[in-house]
Amino acid sequence: MISIQGKGVSTGVAIGPLYYYHRAENTIRRFITENVEEEWDRFKAAQAKAIEQLGELAEKARAEAGDEAALLFETHQMMAEDLDYEEGIESLIKEEKQNAEAAVSDIAAQFADMFAQMEDAYMQARSADVKDVSSRIINILTGVVQGGIDSDVPVILAADDLAPSETVQLDKSKILGFVTEGGSGSSHTAILARTMGIPAIIGVAGQMKPEYEGREVVIDGSTGNIVVDPDEQTRLYMLTKLEEQKKRQKLLEQLKGKENVTKDGQKVRVFCNIGNPEDVPAVLNNDGGGIGLFRSEFLYLNCDDYPSEEYQFEAYKKVLSDMGGKEVVIRTLDIGADKQIDYFQLPKEENPALGNRALRICLNRPEIFKTQLRALFRASAYGKLCIMFPMVTSVWEVKEARKMCELVKKELDAEGKPYSDDVQIGIMIETPAAAIMSDRLAKLVDFFSCGTNDLTQYTLACDRQNNDLGRFFNPHHPAVLRLLKMVCDNAHKNGIWVGICGELGADLDLTETFLSIGIDELSVSPRSVLPLRQKIRDTYVSAVRQDVLNQLLGDDVPLE
Ligand code: PEP
Ligand code: MG
């Protein structure tokens, strides 16, 4: 039995075989073949396998998210057997004597270009689909496993680190838990693990040996403990913990349908953070009151090329309609820093967290911003939409972003396309500049949502990705909490609501503080909704408010 200590970043216990993440190498071999029939047969077999996989994915999507979600995979199935597509590949193999993977790759590029140049937005969106289907066929031909998990049973996935784009593409049904050598608690991979409700441990550099692969491992996401080859006693202990976890979940289930109200009657809205339309069932199952943060950049991370207006419209529309009229805050594109996307071709930066990211990219590249805003406003006709801009530092940025909204609405009016006239526009407060300017900013928007992950990073000058900073990265730091109080006061003075959508919102040690300063909404991972509701319902806020405020603001209390 080998015990390893890391840092737990997503709670829960998991037991299963350890599996190392294998990065998909997609270099395509090219050669001239004399065996054209053999290459053609290889293609036909890979095509059949792809169609079978897509059928399974369609069924899974139907079960998890309904018919509309299944449609995407069914469309991909049709593309895989499209006659023109197949004939193109056949002619490259049989006449040009190309090998199968090279032929699929070339025809995919031709079709993708053709779709991309079409006028119709729907047809343009098919460009990404044809690339997706083709890379599935190529992966089958080359033996590369999509999603990086080649196992029939669910596994505990270990990796040096996982980029958000890699995490998002993993087949979640195959993952019991995550273990990464690097990473940090507020990295996007940890955030995704919490959203998916999967236990995760980070910071085990140098301790995971290759020979552990395939062996039984237990992980405890609350203590950060990993045990390879557990003895019977440890196994039993962990299984008991797993049982307790299930029992606690059952108890929490009883809170479904109840209000988020303190013992003395203060109400707060508890919403959820999501990264994909597929996360909506988890929001509803956990009784989230709405969506307080949809990180729309995950749609972009999932594509090989800029997602078209139509593609985005369908995704936003799905979230809004599935939420059945509950409020949905969709954040506009927030890439840059740790969320890099190749097709954006952003120049390499010395300090990406301080560089060209989020709203800055949108204001510098208005065509990208406009496409997203058009999709958002069109989708607003299907539910209760709030649009939120990330990484604001200045008043002029908000004015410029709002101007773009007006332009988009005018365009939609001229085209006769419907949109709601009740869309709230808000901003994230995640830079000290925005917090300090919140008295002015509040006059320009309908709401604030505090991004405490970045607010902590920028206030304390501590890289949120760097696990080695340990105690220096302290989101409970009075500087961060004082800023939150200031933002809250400025929001209320100007009659707008204020929420927290950073990870701190789910920190039960701070619930009393947030209630005391008057936060109106807390947006957390779906799994955190019921524990938070429990905490709120157990709190008597008027009894603690004065102490909390003294602790925050008083000059007689040591502030660390
Ligand atoms: C934040 O910074 O707190 C936030 C919610 O945004 P993200 O974690 O996606 O940067
Ligand atoms: Mg942020």
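In listed order, ligands and their atoms are each counted from 1. When reading the values below, keep in mind they use all heavy atoms of this one structure, side chains included, and skip hydrogens, waters and symmetry mates.
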> Under 4.0 Å from a heavy atom of Ile191: which atoms of ligand 1 are those, numbered in the order shown and with their elements?
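Those of ligand 1 that fall under 4.0 Å from Ile191 are 8 (O).
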> Using a strict 4.0 Å threshold on nitrogen-to-oxygen distance, state whether Lys267 and Asp520 make a salt bridge.
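Looking at Lys267 and Asp520, the cut-off is not met.
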> Should Lys339 be listed as contacting ligand 1, given a heavy-atom distance under 4.0 Å as the test?
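Contact check Lys339 vs ligand 1: positive.
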> Are Asn260 and Gln534 side-chain neighbours, meaning at least one heavy-atom pair lies under 4.5 Å?
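Asn260 does not reach Gln534 side chain to side chain.
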> Which residue owns the protein heavy atom closest to atom 7 (P) of ligand 1, what's the atom, and how far is it?
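Result: His188 NE2, 3.3 Å.
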> Ignoring hydrogens and geometry beyond distance, is a side-chain donor-acceptor pair present between Gln249 and Glu253 at under 3.5 Å?
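Yes - a donor-acceptor pair under 3.5 Å links their side chains.
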> Would you say Arg295 has any N or O atom under 3.5 Å from an N or O of ligand 1, going by distance alone?
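Yes.
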> Would you call the rings of Tyr316 and Phe294 parallel, tilted or perpendicular, where under 30° means parallel and over 60° means perpendicular?
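Ring orientation, 0 to 90° scale: perpendicular.
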> Is it true that Glu503 and Thr452 share a donor-acceptor pair across their side chains at a distance under 3.5 Å?
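There is no such pair between these side chains.
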> Identify, for atom 6 (O) of ligand 1, the protein heavy atom at the shortest distance, and state residue, atom and that distance.
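The closest one turns out to be Arg331 NH1, 2.9 Å.
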> Enumerate the atoms of ligand 1 whose separation from the nearest heavy atom of Leu293 is less than 4.0 angstrom.
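Heavy-atom distances to Leu293 below 4.0 Å select 5 (C).
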> Please test Ser525 against Asn273 for side-chain hydrogen bond (donor to acceptor under 3.5 Å, both in side chains), starting from the C-alpha separation and ending with a verdict.
CA-CA 5 Å; Ser525 67; Asn273 295 346; over 6 Å; no
> Check Leu455 against ligand 1 and report side chain, backbone, both or neither, counting heavy atoms closer than 4.0 Å.
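The answer is neither.
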> At under 4.0 Å between heavy atoms, is it the side chain or the backbone of Arg464 that contacts ligand 1, or both, or neither?
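For Arg464, only side-chain atoms sit under 4.0 Å from ligand 1.
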> Look at Glu259 together with Arg537 and state whether they make a salt bridge at an N to O cut-off of under 4.0 Å.
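So Glu259 does not pair with Arg537 through a salt bridge.
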> With heavy atoms of Cys501 as the reference, note each atom of ligand 1 found under 4.0 Å away.
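Per the distance check, 5 (C).
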> I'd like to check whether Glu297 has a polar contact with ligand 1, where a contact means an N/O of the residue lying under 3.5 Å from an N/O of the ligand.
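No, since none of the N or O atoms of Glu297 sits under 3.5 Å from an N or O of ligand 1.
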> Any atoms of ligand 1 less than 4.0 Å from a non-hydrogen atom of Met428? List them with their elements.
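Checking each atom against Met428, I get 4 (C), 5 (C), 6 (O).
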> Distance check below 2.8 Å: does Asp454 bring an N, O or S atom to the Mg ion (ligand 2)?
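Checking the Mg ion (ligand 2) against Asp454, an N, O or S atom does fall under 2.8 Å.
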> Indicate, as side chain, backbone, both or neither, the part of Asn273 found under 4.0 angstrom from ligand 1 when only non-hydrogen atoms are considered.
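Near ligand 1, Asn273 shows nothing, with every heavy atom at 4.0 Å or more.
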> Would you mind checking if Arg378 and Glu309 are paired as a salt bridge, meaning a charged N to carboxylate O distance below 4.0 Å?
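Result for this pair is yes, salt bridge flagged.
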> Using the benzene-type ring in the case of Trp, are the ring centres of Tyr306 and Phe344 under 6.0 Å apart?
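Centroid distance Tyr306-Phe344: below 6.0 Å, so yes.
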> As a test of reading the structure, name the N/O/S atom of Glu430 that is nearest the Mg ion (ligand 2).
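Closest to the Mg ion (ligand 2) among those atoms: OE1.
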> With backbone taken as N, CA, C and O and side chain as the heavy atoms from C-beta onward, which portion of Met391 lies under 4.0 Å from ligand 1: side chain, backbone, both, or neither?
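It is neither part, as no heavy atom is under 4.0 Å.
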> One residue to check: Glu503. Relative to ligand 1, which of side chain, backbone, both or neither has a non-hydrogen atom less than 4.0 Å away?
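For Glu503, no heavy atom sits under 4.0 Å from ligand 1.
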> Look at the side chain of Glu297 and the backbone N and O of Asp334, then say whether any donor-acceptor pair between them is shorter than 3.5 Å.
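Indeed, once roles are kept as given, a pair shorter than 3.5 Å links the two residues.
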